[in-house]
Amino acid sequence: MLSFPSKLFHCLIGTCWLLCSVNPEETPSIEGHLNTKRRYEDVNLHLKQDMLAVNRSALQLASATCQEIHLTAIIRHGTRYPTAKDVRKMQRIYDQVKSSAPSEEFWLREIQTEWKMWYTEDMDGRLVQKGVEDNKHLAVRLSKWFPTLLTEKNLHAGLVKFITSSKHRCINSTLSFQAGLMGLWDVKVNDFLIAELGYTVNDSLMRFFDKCPEFRQRVLNNQSAVAEVDKFKHGPEIRRVREKIAGHLRIPSHNISYDMADAAFSLCAYELAIKGLNSPWCKLFDNSDAQVMEYAIDLQEYWKRSYGFDINSKASCILLHDMFNRLSDAATKSLSGQPLTAVVTIQVGHADTLLPLLTLLGFFKDQEALTSANYFQQSQRNFRTSIFLPYAANFLIVLYNCGDGNVRLQALLNEKPVSFPGLSGPHASMPLLQDVMDHYRGLLQTCDFEKECQLTTCHFDDFNIPKIATHFSTKGRYEEVNPYLLKDILAVNRSVLQPPHAQCREIYMVAVVRHGTRYPTTKNVQKIQKIDALVKSSPTGEESWLREIQTQWKMWYTEDMDGRLVQKGVDDHKHLAVRLSKWFPSLLSEENLRAGRVKFITSSKHRCVNSTLSFQAGLIELWNIKDKTLDYTLNDALMRFFDKCPRFLEEVDNNPDAVAEVEKFKSGPEMRRVMEKIADRLNVPYNYITDDMAEAAFYICAYELAIKNLNSPWCELIDEVDAEVMEYANDLKHFWKRGYGHEINSKSSCILFHDIFSRLDKAVNDSKSNERTIEAVTIQVGHAETVLPLLTLLGFFKDENVLQSTNYAKERERTFRTSFMLPYAANLVFVLYDCGGGDLRMQAMLNERPIPFPGMTNSQTSMPRYQDVKEHYRALIQGCDFDKECML
């Protein structure tokens, strides 16, 4: 018998066939521009008349003797509901339209008076009935395309394999595909159960992007990776779209953000895809607007998943190898007369699965890169997600045995034959398997997922990095943020600095730097002692790592260490000094150091003073200086401003209510599960493990790596899921105590903000008067608590939603991640350039990566005009008085 969920699903999808037909006048005029939210039948128009139609004559076989022997299909899930994030955006534009003045335009009146906001956050990307049908119909069509492969006999024999992403929309798409085949062959429940078909969840294949740290660090969690997208969103084309929407609503254009325009565009797409409706929301856009919105989304996909960065496609190496291994295995067995173990492989994933693979194979590559500045030149581009990534998009590879050892391949995208890019000749549409493998030989020989994604590195021959190392928050190593430093600790890449003109020269640099790696504080040592005592007294473990802790690991942390700088922290700053001298050789130079034009300011804490001395030592050793000593200035008013701000101390630092969300999260279900899992691993009662103990175990793993470069056995107590929860708990604390949680957190840094801009102004004035600046470089050494409030004041890493105890799952893709922002030796650098003719530019870098100033809308956001930066922060420059803000 079917289990209850299986019965329910079988009832939901049924076995009846629905034909889709939408009258042309019911199709929005902009439907050709709806990107990844487009219906499959709008890419294949013939399906509007017959949803099961195929045209096998499009398969132009190399010879009549060719027989199909294997099919691999990589399929995107079917039509889905919007995500919770999209629903929130839709609610805002809906509220704006409802509250605007009654309109004379009938379609706008329809939204204001009749249309109801029926999307809810709990829909969160789930498959809709149309998505079920997408995959049922696709299953039937593929059985008609390849009737000797996708057969009832092969299905019964277990020769049709199903692999899926773990996401519910993918699993349900897989089940829908299976149900389509069962409905086609009228397979009765008693004869053949849906559950017996089975499927394998494999996120390593179908969500490889989640498993690639290099991609996540360099692209997914890196604001500068989508700088071109941000420029376009604030450029003239999008501005005009926003103005036209505001004109329809008769409100000021500044009331319509890009997100609102995008939400209205998405509403049009979802209404068509889910309900088959030409929604009144579509009337907010004409064709020219839709083309602009389409380009904005293509630009994002280009830079986040495709040709924008090499790692985007290289992350799919694992899927590429899996595909070719299946093809090679099928070819070998066919030629030797052996039976195949898989005749058909159906792999269901996401647009984010397909696009990197298509990119890796070279499909849809334009001559010029897509940028914010070439929208009009790219109007005829090949790279259009509206064409190749609708719902239920599919990439099919069919293997043919044409006799005499002649094995050929046919590729189809969305059921249309496509040629492999770069292959030519009379049979380019159906080349020899060997020719295809030779064509991609470079990838097949060198595209190693682990190497590309930096899961291993030659720097550690004993695999010394814990899997959870990228989640250590403020206790993470600097090298986890910049993994290339594991191979060469002094490496820099000056090519990422792109001044607008070749004549631009650096004239001043100010760097706010966190101290280097340190020992745990006394408070943390006491927590570590408690978890160590519990583990040592718990039952002897069967796992080797637990026995190692219980019998070999010695508690070597002592309370008198109390946050002092360790040798690794000394090295952090010595190496940083050398790298900054390579980044900006005309500023941080031996000449300027000897002339006293490099100034050092530090917090009074020993770890900061010693970090400053280490930075100086790095330069002294670099240039072998033996005849000069360097000094520094203690300035806690600048570097420990948080200690000098009574309002911050009373309202936040010493106020438990200020971090109420943190305490709620620590006692919530996510943290409770972490503690229970630790208790299970130690075989002790759940109430033995407190949140402080869980945190202490997490910290031991972090300290052992940071201080000793060890993958400690303590790391085995925390898996990656646990680590993400622990990381969020830390981020939540920093958000409410030092970040966006309370305004005074950032306003307490006003004094440092003004100090930086006064130094920049002085350098500007000296440059304008052709005087040599007294200071070429200012190095200011402080704490994570120094850097974070300043980043917050400047608007960096601000998410759409406030971080709370209840939205952990929704904030997993947040930009506010202290693991990436605030490792040991974190640094925020501002560099001033004189580009001639009074053109002064400013470059911001965080941890040696250029970052755009948040909200800057001019064409040079990565290196804007200094005057534009000052104008952008005018309110802070004219206000933000430390004494007033900090007054009780």
- With a 4.5 Å limit on heavy-atom distance, are the side chains of Asn278 and Leu272 in contact? no
- Item | Heavy-atom closest pair, residues Pro82 and Met90 | CB-CE, 3.7 Å
- Steps toward side-chain contact (heavy atoms from CB on, under 4.5 Å) verdict (Phe383, Leu355): CA-CA 10 Å; Phe383 190 91; Leu355 182 53; 4.0 Å; yes
- Message: For the CD atom on Gln338, are there more than 12 heavy atoms of other groups (residues, nucleotides or ligands in this structure) within a distance under 6.0 Å?
- Response: yes
- Item | Inter-residue atom distance Arg169.CZ - Asn135.CG, 0.5 Å rounding | 13.0 Å
- Query: What residues form a side-chain contact (heavy atoms from CB on, under 4.5 Å) with Asn312, not counting sequence neighbours?
  - Reply: Phe215, Val219, Phe309
- Hey, would you say the Tyr295 and Phe232 ring centroids sit under 6.0 Å apart? yes
- Message: Is there a side-chain contact between His168 and Leu127 in this structure, where contact means two heavy atoms from C-beta onward sitting under 4.5 Å apart?
- Response: no
- Message: Taking Glu121 first and then Lys810, would you say they form a salt bridge - that is, a charged N and a carboxylate O separated by under 4.0 Å?
- Response: yes
- Message: Assess, by modelled atom type and distance only, whether the side chains of Asp298 and Thr385 contain a donor and an acceptor separated by less than 3.5 Å.
- Response: yes
- Message: For a 4.5 angstrom cut-off between non-hydrogen side-chain atoms, does Val132 reach Phe177?
- Response: no
- Query: Between Tyr119 and Tyr81, does the ring centre distance come in under 6.0 Å?
  - Reply: no
- Can you tell me if Glu271 uses its side chain to pair, donor with acceptor, with the backbone of Cys282 under 3.5 Å? no
- Cation-pi check, Lys153 to Trp185: give yes when NZ or CZ is under 6.0 Å from the six-membered ring centre and within 45° of the ring axis, no otherwise. no
- Item | Flag, side chain of Lys161 to backbone of Gly158, donor-acceptor distance under 3.5 Å | yes
- Message: If I take atom CE from residue Met430 and atom CG from residue Leu432, how far apart are they, to the nearest 0.5 angstrom?
- Response: 11.0 Å
- Ser57 versus Asn55, side-chain donor and acceptor atoms under 3.5 Å: yes
- Query: With no hydrogens and no angle check, do the side chains of Tyr40 and Glu415 hold a donor and an acceptor under 3.5 Å apart?
  - Reply: yes
- Task: Ignoring hydrogens and angles, state whether a donor on the side chain of Thr83 or Asp124 is under 3.5 Å from an acceptor on the partner side chain.
- Result: no
- Message: Could you check whether any side-chain heavy atom of Arg39 comes within less than 4.5 Å of a side-chain heavy atom of Thr79, counting everything from C-beta outward?
- Response: no
- Message: Quick one: does any side-chain atom of Thr353 pair with a main-chain N or O of Met206 as donor and acceptor, under 3.5 Å?
- Response: yes
- If you draw a 6.0 Å radius around NZ in Lys144, do more than 12 non-hydrogen atoms from other residues or ligands fall strictly inside? yes
- Task: Any chance you could lay out the side-chain contact (heavy atoms from CB on, under 4.5 Å) test for Phe449 and Cys212, step after step, and finish with the verdict?
- Result: CA-CA 8 Å; Phe449 178 80; Cys212 183; 4.2 Å; yes
- Where do Gly180 and Val140 come nearest, in terms of heavy atoms and distance? O-CG2, 3.9 Å
- Task: Could you pull out all residues at least two apart from Cys170 that satisfy side-chain contact (heavy atoms from CB on, under 4.5 Å)?
- Result: His77, Thr164, Ser165, Lys167, Val348, His350
- Item | Test item: Asn44 and Asn414 side chains (from C-beta on) under 4.5 Å apart, heavy atoms | yes
- Message: Return the CG to CG distance between Leu327 and Leu409, rounded to the nearest 0.5 Å.
- Response: 5.5 Å
- Note on the structure: Value for OG (Ser173) from CZ (Arg76), rounded to nearest 0.5 Å, stands at 9.5 Å
- Give a yes or no on whether a salt bridge exists between Glu214 and Arg218, defined as a side-chain N under 4.0 angstrom from a carboxylate O. yes
- Message: Test side-chain contact (heavy atoms from CB on, under 4.5 Å) on Lys314 and Leu443; report intermediate values, then the result.
- Response: CA-CA 9 Å; Lys314 290 296 181 65; Leu443 284 175; 4.1 Å; yes
- Message: If you compare all heavy atoms of Gln410 against all heavy atoms of Pro417, which two are closest, and at what distance to 0.1 Å?
- Response: NE2-CB, 3.5 Å
- Polar side-chain atom of His137 near backbone of Glu133 as donor-acceptor pair, under 3.5 Å: yes
- Message: Is it true that, when you exclude Gln67 itself, more than 12 heavy atoms of the residues, nucleotides or ligands shown sit nearer than 6.0 Å to its CD?
- Response: no
- Any side-chain donor paired with an acceptor under 3.5 Å for Gln291 and Asn287? no
- Kindly determine whether Ser166 and Asp203 satisfy side chain to side chain donor-acceptor pair (under 3.5 Å), including the steps that lead there. CA-CA 6 Å; Ser166 63; Asp203 281 346; 2.6 Å; yes
- Taking all non-hydrogen atoms of both residues, which atom of Asn394 and which atom of Leu354 are closest, and how far apart? N-CD1, 4.4 Å
- Task: Verify the distance criterion only: is there a donor paired with an acceptor across the side chains of Asn154 and Thr151 at less than 3.5 Å?
- Result: yes
- Note on the structure: In terms of heavy-atom contacts, Ala73 and Leu396 come closest through CB-CD2, 3.4 Å
- Can we say Arg216 and Asp210 salt-bridge, meaning some charged N sits less than 4.0 Å from an Asp/Glu carboxylate O? yes
- Asn35 side-chain N/O to Glu294 backbone N/O, donor-acceptor pair under 3.5 Å: yes
- Can a donor-acceptor pair be found between the side chains of Thr359 and Ser306 at a distance below 3.5 Å? yes
- Query: In Å, rounded to the nearest 0.5 Å, how long is the span from CG of Leu52 to NZ of Lys136?
  - Reply: 10.5 Å
- Item | Whether Asp448 side chain and Glu450 backbone form a donor-acceptor pair below 3.5 Å | yes
- Task: Kindly check if the number of other-residue, nucleotide or ligand heavy atoms within 6.0 Å of CG (Asp404) is above 12?
- Result: no
- Could you check Phe395 against Phe363 for ring-ring contact (aromatic ring centres under 6.0 Å, His included), going step by step and ending with a plain yes or no? CA-CA 11 Å; Phe395 182 53; Phe363 287 99; 5.7 Å; yes
- Query: For Thr332 and Asp329, what are the C-alpha separation, side-chain angles and deciding distance, and is it a side chain to side chain donor-acceptor pair (under 3.5 Å)?
  - Reply: CA-CA 5 Å; Thr332 300; Asp329 180 67; over 6 Å; no
- Query: Step by step, would you call His321 with Leu444 a side-chain contact (heavy atoms from CB on, under 4.5 Å)?
  - Reply: CA-CA 7 Å; His321 284 294; Leu444 294 173; 4.1 Å; yes
- Query: Should the pair Glu68-Arg56 be classified as a salt bridge under the 4.0 Å nitrogen-to-oxygen rule?
  - Reply: yes
- Message: As an exercise, state the distance from OG of Ser316 to CZ of Arg305, rounded to the nearest 0.5 Å.
- Response: 11.5 Å
- Query: Hey, is NZ on Lys333 packed in by over 12 heavy atoms from elsewhere, all under 6.0 Å?
  - Reply: yes
- Going by an N to O cut-off under 4.0 Å, is there a salt bridge joining Lys130 and Glu41? yes
- Message: Donor-acceptor check, side chain of Arg38 to backbone of Asp42, threshold 3.5 angstrom: yes or no?
- Response: yes
- Note on the structure: In terms of heavy-atom contacts, Cys402 and Arg408 come closest through SG-CD, 4.0 Å
- Item | Side chain His33, main chain Ser386, donor-acceptor under 3.5 Å | no
- Item | Non-hydrogen side-chain atoms of Lys37 and Asp86 separated by less than 4.5 Å | yes
- Query: Can Thr371 and Asn374 be counted as having a side-chain donor-acceptor contact under 3.5 angstrom?
  - Reply: yes
